[in-house]
Amino acid sequence: MIGRLGSRARSVLVALVVVAPLVAVVRAWALPPADAVATGVAPAAAERVDVKERLARLPIVAGVTELKHPGPARFFRLRFRLPVDHDRPGGRTFTLRGTLLHSGVGRPMVMAASGYYVSTWNLAYRYEVTRIVKGNQLDLEHRFFKPSRPRKPRWHSQLTIGQAAADQHRIVRALQRTYGKPWISTGASKGGMTMTYHRRTYPGDVAGTVAFVAPNDVVDDVDAYDDFQASVGGPSFAGCRNRLVALQRRLLTEREWFRGRLVRWARHHDQHLTLVGSADRALEVAAIETYYAFWQYQSAASACSDVPTATARRGRVWSWVDDVLGWRSVTDEGIRPFVPYYFQAATQLGAPAPWEDEVADLLRYPGHDVPATFVPDGLEPLAHDPAAMPDIDEWVRTSASRMLFVYGELDPWSAEPFACGPGGAARECYQRWVPGGNHFADIRDLPDAARRATVSRIRAWAGVSTSRAAVEAADRRARRAGPDPARDPARTVATP
């Protein structure tokens, strides 16, 4: 996710007793346990028919296009035909985009998602988990992110955790007829949330799940994010926090200059500021978001010295905010592609409340920087479902198995993480922390012993060798590559 506005949309979410929705429970009960997912056509039989033809024959597949790809793997763009409403499977359908890196039906499958657009549509690359297991990779778009949006959609009943999980379930079950080896699901940020929600609803679909920096906003109006931001990094970073607050205050005390610059910039770049409400409101949102975005994406140990000082020129401050947050993130053009996220955050997922403590005396629109602000009026009212997230949190704490959650120590989104609860290790449910890590925290960044143990565990779930040599080779592959581009979909998204 991207900043808080940035993380929620540019890409940035218990004291309740909850009963899972009946339809989700019925679906989950009907599925085999995780050990039973490795079923389907034998690899030798599957390879007798070209994989492209096999995919095209599946009723769920509306289109297959193969693109040139370097190396031995084959790269396909897929379009899946899915029910608009899974509670009415005989009704209207829509197409959802995905990509497939095919290494062979005898290899495990990694199902990935950013939770937004399909990040590999124009840029084929392997996620960290895919590199660790040397597997195939299926990357899926989230419903309602264009063009994977039904005609005349009914947002309140069709853009839900359950509907999205059912999309993934149908695709898994269809492709397991060809790819019968164990499946592992993975995603970062909203993608990690998406894969956790799918796993809660259909726990038998995959053999394991690896979720990176996935926030868990259990009760939307009870936040740990404020305290986290107030003290992030501890005493060692007190000076950095003070410099960031001073910069926020400068944006707001010199409001007229920065607002005027924003208006001129927006006009020059054909950007608009109507969704956020006005240029004045956009400036306040940017001031609040910049603090969050810095800790989310910057390497604080080196980036703190780059924060403009009180004597820095206004132009320098403007450019620094553009680099850290991006002024486009407060424009209609930056917000509109991520309206489905804002809608989900407002109705089910929850999101951090804006941290305003240090600038409250300078705000004209306190409380404005919340998901509902960025949802067009036509989609209101936005009633929040208080049972959705506690249900998932309870399941992870008490029942989830073969799940791994990786978080960054300095990442604000990690302030409210998923926890495996008592007995988690016995269920192979783990939480790992990257020291000094931000929203780009990966397995490759873990301390040596934890990293090697994690690589071995994931390979075991995928049903591939966990010999010392195999684990060391997988560890090297993971460490050679940089962060997944999809970690910030707003910066890498391919425009449909």
Side-chain angles (χ1 to χ4, degrees), residues 1 7-8 12-16 18 20 24 28 34 111-115 128-129 161 164-165 168 184-203 205-220 222-225 227-228 296 341 344-345 348-352 385-434 437-443 445-446 450 454 457-458 461 487:
M1 299 186 194
S7 300
R8 288 192 313 247
V12 306
L13 275 96
V14 171
L16 292 177
V18 182
M111 179 172 66
S114 74
E128 187 176 42
V129 174
I161 287 171
Q168 293 135 23
I184 304 293
S185 61
T186 189
S189 193
K190 186 170 181 290
M193 297 160 71
T194 300
M195 293 293 93
T196 301
Y197 305 158
H198 164 256
R199 190 71 186 282
R200 189 271 173 270
T201 313
Y202 301 99
D205 270 6
V206 300
T209 299
V210 182
F212 297 90
V213 293
N216 176 32
D217 202 325
V218 183
V219 181
D220 192 34
V222 177
D223 269 358
Y225 298 103
D227 289 343
F228 182 95
Q296 181 176 357
Y341 164 73
Q344 287 185 281
Q348 285 191 308
L349 310 187
D385 176 6
M389 293 311 301
D391 166 64
I392 295 164
D393 176 73
E394 173 78 8
W395 176 79
V396 172
R397 289 177 182 275
T398 63
S399 303
S401 62
R402 295 185 179 181
M403 296 196 73
L404 171 69
F405 298 96
V406 179
Y407 291 102
E409 180 188 16
L410 302 182
D411 176 25
W413 285 108
S414 298
E416 295 192 7
F418 282 100
C420 293
R427 292 181 272 112
E428 295 189 68
C429 183
Y430 307 101
Q431 187 190 74
R432 297 285 183 263
W433 289 85
V434 173
N438 59 14
H439 208 55
F440 291 113
D442 282 316
I443 291 166
D445 301 317
L446 292 170
T454 299
R457 185 69 59 180
I458 293 170
W461 293 347
R487 191 61 60 93

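Both backbone and side-chain heavy atoms feed into the values below; hydrogens, waters and symmetry mates do not.
Asp220 contributes a side-chain N or O that, together with a main-chain N or O of Ala351, makes up a donor-acceptor pair within less than 3.5 Å. Of the possible polar contacts, none joining the Arg199 side chain to the Asp205 backbone as a donor-acceptor pair under 3.5 Å is found. Within the 3.5 Å criterion, the main-chain N or O of Ile443 finds a donor-acceptor partner in the side chain of Glu128. Side-chain N or O atoms of Glu428 include none that pairs as donor or acceptor with a backbone N or O of Met403 at under 3.5 Å. Arg427 places a side-chain N or O within donor-acceptor distance of the main-chain N or O of Arg397, the cut-off being under 3.5 Å. One N or O on the side chain of Thr186 and one on the backbone of Val210 form a donor-acceptor pair closer than 3.5 Å.
Taking the six-membered ring where the residue is Trp, Trp413 and Tyr225 present perpendicular rings, their angle passing 60° and hence far from 30°.
The two atoms that bring Ala441 and Val213 nearest to each other are CB-CG1, 4.2 Å, heavy atoms only. Ala224 approaches Glu416 most closely through the heavy-atom pair N-OE2, 2.7 Å.
Applying the disulfide (SG to SG under 2.5 Å) definition to pairs two or more places apart or across chains, those involving residues 394-427 are Cys420-Cys429.
At least one side-chain heavy atom of Ile458 sits less than 4.5 Å from a side-chain heavy atom of Val129. Side-chain contact between Asn216 and Met389 is present, with at least one heavy-atom pair separated by less than 4.5 Å. Phe405 is listed as a side-chain neighbour of Val396, based on a closest heavy-atom distance under 4.5 Å. Within the 4.5 Å cutoff, the side chain of Ile392 has heavy atoms near those of the Ile161 side chain. Pro386 has its side chain out of reach of Val219: every pair of non-hydrogen atoms, C-beta onward, lies at least 4.5 Å apart. The closest side-chain heavy-atom distance from Pro203 to Trp395 is below 4.5 Å. In this structure the side chain of Val206 never reaches within 4.5 angstrom of the side chain of Ile184, judged on heavy atoms. At a threshold of 4.5 Å between non-hydrogen side-chain atoms, the residues Met111 and His198 count as touching.
His439 and Ser189 share a side-chain donor-acceptor pair at under 3.5 Å.
Atom CG of Leu404 and atom CZ of Phe212 lie 7.0 Å apart (nearest 0.5 Å). If you take CE on Met195 and OG1 on Thr209, they are separated by 8.0 Å, rounding to the nearest 0.5 Å. The structure places CD of Gln348 at 10.5 Å from CG of Asp391, a figure rounded to the nearest 0.5 Å.
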message: Please determine whether side chain to side chain contact (heavy atoms under 4.5 Å, CB included) holds for the pair Thr194 and Gln168, giving the CA-CA distance in whole Å, both sets of side-chain angles, and the decisive distance to 0.1 Å.
response: CA-CA 10 Å; Thr194 300; Gln168 293 135 23; 3.3 Å; yes
- request: Would you check, one step at a time, whether the test side chain to side chain contact (heavy atoms under 4.5 Å, CB included) holds for Ser414 with Phe228?
  value: CA-CA 9 Å; Ser414 298; Phe228 182 95; 5.6 Å; no
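Under the salt bridge (charged side-chain N to carboxylate O under 4.0 Å, His left out) criterion, Arg432 pairs with no residue, sequence neighbours left out. For Ala214, the side-chain contact (heavy atoms from CB on, under 4.5 Å) criterion is met by Met193, Ala211, Tyr407, Phe418, not counting sequence neighbours.
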